Each structure stands twice: as C-alpha cells, then as structure tokens.
Amino acid sequence: MEKEAYEQYEYARKRIRQKKYLYYHFVFFLIGSLFMFVANELLKFGEPQQWDIWAATIWFFIVILHFIKVYITDRFMNKEWEREQINRLIAKQQNRVRQLESRMDIEKE
C-alpha cells in the first residue's frame, strides 16, 4: 500500500507542478504581450508593421497548446492509462504465444 500511496503523491505533485508552470506561462504571456504592445505602439519600435499583434497571437496559441497538454492530454494519459495499455499489450502477446504453441502442438501430431 505504501507504493500506491507514494505513486498517488508523485502524480499529485506532478500535476500541481504542471498547473503552476501553466499559470506562470500565462502571466508571462500577459506581461510580455503588454511589453510588446508598449514597444511597438508607444515607443515606435518596428514602426511600419504591427508585429506585436502577430507575436502575441502566436504566443497565445502556444499558451492554448500548453493548456490542452495540462488539462486534457495529461489528465487522461496518466500512470493508470499506461498500466492499462501495458496490461493490454501483455495479454495480446500472451494470447499470440498460446496460439503459436497450439499450432506447434498440432503440427507435431
């Protein structure tokens, strides 16, 4: 039971760390976007183009991908999912070995 409790603790710790980094990423995105807006619009850095809008849009999509990874992908593809997939593949392999053994037994007769 200790191993299971430890695995649950590690999973919770990993999830909290993922969420924390997502929040940091979002706050950094807001501050960075504001900085890019000020640099382009107020300080006239790179004046002829509206590069700040393009950069913020691309960055926003990266934040959305990070969100999807943390809240959708990693939520469902955790240790339990891995164990189920491993058990399923092992069962498939064992079934295949049994079939080959039965074929060998039939060919021997």
Side-chain angles (χ1 to χ4, degrees):
M1 189 66 174
E2 286 181 26
K3 182 179 179 184
E4 186 176 315
Y6 179 74
E7 286 180 357
Q8 289 174 346
Y9 169 77
E10 283 299 316
Y11 174 73
R13 194 169 69 100
K14 179 184 171 195
R15 292 287 297 152
I16 289 170
R17 185 179 302 142
Q18 287 177 333
K19 291 178 182 180
K20 181 174 82 171
Y21 288 140
L22 175 63
Y23 298 148
Y24 284 151
H25 190 183
F26 183 70
V27 169
F28 190 63
F29 160 73
L30 291 177
I31 293 169
S33 296
L34 180 65
F35 175 75
M36 289 187 297
F37 176 78
V38 167
N40 189 301
E41 302 296 326
L42 300 178
L43 301 176
K44 307 297 185 198
F45 184 76
E47 190 11 68
Q49 287 101 8
Q50 296 289 322
W51 61 268
D52 60 323
I53 295 171
W54 287 103
T57 302
I58 291 168
W59 197 354
F60 180 70
F61 283 116
I62 292 170
V63 170
I64 288 178
L65 290 174
H66 191 174
F67 175 85
I68 289 170
K69 180 185 181 311
V70 170
Y71 281 100
I72 296 173
T73 306
D74 286 353
R75 174 182 263 173
F76 298 112
M77 293 184 179
N78 54 22
K79 288 280 189 188
E80 185 177 320
W81 180 83
E82 286 179 25
R83 275 192 221 115
E84 288 174 8
Q85 295 300 313
I86 289 170
N87 290 338
R88 186 178 62 83
L89 289 174
I90 289 172
K92 245 181 169 178
Q93 289 172 347
Q94 289 174 345
N95 188 23
R96 183 73 177 141
V97 167
R98 272 186 253 125
Q99 287 176 350
L100 291 172
E101 287 174 347
S102 67
R103 282 186 193 167
M104 287 177 59
D105 289 342
I106 290 172
E107 288 178 3
K108 284 182 181 179
E109 294 175 358

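The structure displayed is predicted, hence computed values, not measured ones.
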Could you state whether [X] and [Y] fall into the same hydrophobic cluster, counting links through intermediate Ile, Leu, Val, Met, Phe, Trp or Tyr residues with side-chain heavy atoms under 4.5 angstrom apart?
X     : Y     : result
Phe35 : Trp51 : no
Leu30 : Tyr24 : no
Tyr23 : Ile16 : no

Worksheet entry | Greater than 12 external heavy atoms within 6.0 Å of Phe26's CZ |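 Result for CZ/Phe26: open.
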Worksheet item: Relative to the ring of Trp59, is the ring of Phe28 parallel (under 30°), tilted (30 to 60°) or perpendicular (over 60°)?
Response: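 Ring orientation of Phe28 relative to Trp59: perpendicular.
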Worksheet item: If you look at every heavy atom in Ala55 and Met36, which pair is closest and at what distance?
Response: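 Smallest interatomic distance, heavy atoms only, reads CB-SD, 3.6 Å.
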Worksheet item: Looking only at heavy atoms, which two atoms of Val63 and Leu22 are closest? And how far apart?
Response: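 For Val63 and Leu22, the tightest heavy-atom pair comes out as O-CD1, 4.2 Å.
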Discussion item. Using a strict threshold of under 4.0 Å (side-chain N to carboxylate O), is an ion pair present between Glu10 and Lys3?
Written reply: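 No, no charged N to carboxylate O under 4.0 Å.
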Worksheet item: Between Lys69 and Asp74, is the closest basic N to carboxylate O distance under 4.0 Å?
Response: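 Yes.
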Fill in: Short side-chain to backbone donor-acceptor contact, Asn87 and Arg83, under 3.5 Å
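Pair found, side chain donor or acceptor close to backbone of Arg83.
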Worksheet item: Given the rule in the side chain to side chain contact (heavy atoms under 4.5 Å, CB included) test, do Lys19 and Tyr71 qualify, once you have shown the distances and angles that lead to the verdict?
Response: CA-CA 8 Å; Lys19 291 178 182 180; Tyr71 281 100; 3.8 Å; yes
Once rounded to the nearest 0.5 Å, what's the spacing between atom [atom1] of [X] and atom [atom2] of [Y]?
X     : Y     : atom1 : atom2 : answer
Asp52 : Leu34 : CG    : CG    : 10.5 Å
Ile58 : Ile53 : CD1   : CD1   : 12.0 Å
Lys92 : Gln94 : NZ    : CD    : 13.5 Å
Phe67 : Phe61 : CZ    : CZ    : 15.0 Å

Worksheet entry | Distance-only polar pair, side chains of Arg96 and Gln93, donor-acceptor under 3.5 Å |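 Side chains of Arg96 and Gln93: no pair found under 3.5 Å.
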Discussion item. Can you confirm whether Arg15 sits close enough to Gln18 that some side-chain heavy atom of one is under 4.5 Å from a side-chain heavy atom of the other?
Written reply: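 Side-chain contact under 4.5 Å: yes.
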